[in-house]
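First listed ligand is number 1; within each ligand, the first listed atom is number 1.
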Amino acid sequence: MSTIFSQIVEGEIPARIVYEDETTIAFLDANQLAPGHTLVIPKDEYERLNDVPEDIATDLYATIHRMVPAVEEAVDADATTVAFNNGEDAGQEVPHVHCHIVPRFEGDGGGPIHAMFGGPADLEDDELDDIADEIESRS
Ligand code: 5GP
């Protein structure tokens, strides 16, 4: 069964589409966290960022790069929070990779993404060295 976002791509359900090209599309989120909250997706269905092929990832970033200033200017935002909930345990509800562009305004109280966590994880230097090595070996 196709995702709700594939149904938007196919025109089967309505959306306020603000940009579209061959491989990507951007539309307003149905639940606006702030005025102008926009989602950018690849048209093809990939569940997570990890699943997106490199050429589509390049296209996706190009559309994000285009849409961030467009959204900011359209609603006269001071900044934006640009984020992916990448996987169910990170809060992803729609299994079709999507980038949230959320306009931010001085004093809106939203805080930085750091506010999702109580504070920095308690890690020793040798643990950090091991983690860095593990990541580097997979990069
Ligand atoms: P997630 O939690 O998966 O990162 O975010 C999914 C987002 O999709 C939510 O912000 C939700 O408001 C939005 N959304 C869910 N269904 C629809 C829909 O049918 N149309 C639009 N435009 N947005 C949707």
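A search for side chain to side chain contact (heavy atoms under 4.5 Å, CB included) contacts involving T23 returns D21, I56, D59, not counting sequence neighbours. D108 is linked by a salt bridge (charged side-chain N to carboxylate O under 4.0 Å, His left out) to R104, counting only residues two or more places apart in sequence or in another chain. Applying the side chain to side chain contact (heavy atoms under 4.5 Å, CB included) criterion to D51, with sequence neighbours excluded, gives Y46, E47, R48.
Below 30°, between 30° and 60°, or above 60°: for H100 and H98 the angle between ring planes is above 60°, a perpendicular geometry.
Listed by chain and number, residues touching ligand 1 at under 4.0 Å (heavy atoms only) are I4, F5, I8, I13, F27, L28, D29, A30, N31, L39, N85, G91, Q92, E93, V94, H98, H100.
Side-chain atoms of H96 come within 3.5 Å of backbone N or O of P42 as a donor-acceptor pair.
Residues K43 and E20 are paired through a salt bridge, judged by an N-O separation under 4.0 Å between the basic side chain and the carboxylate.
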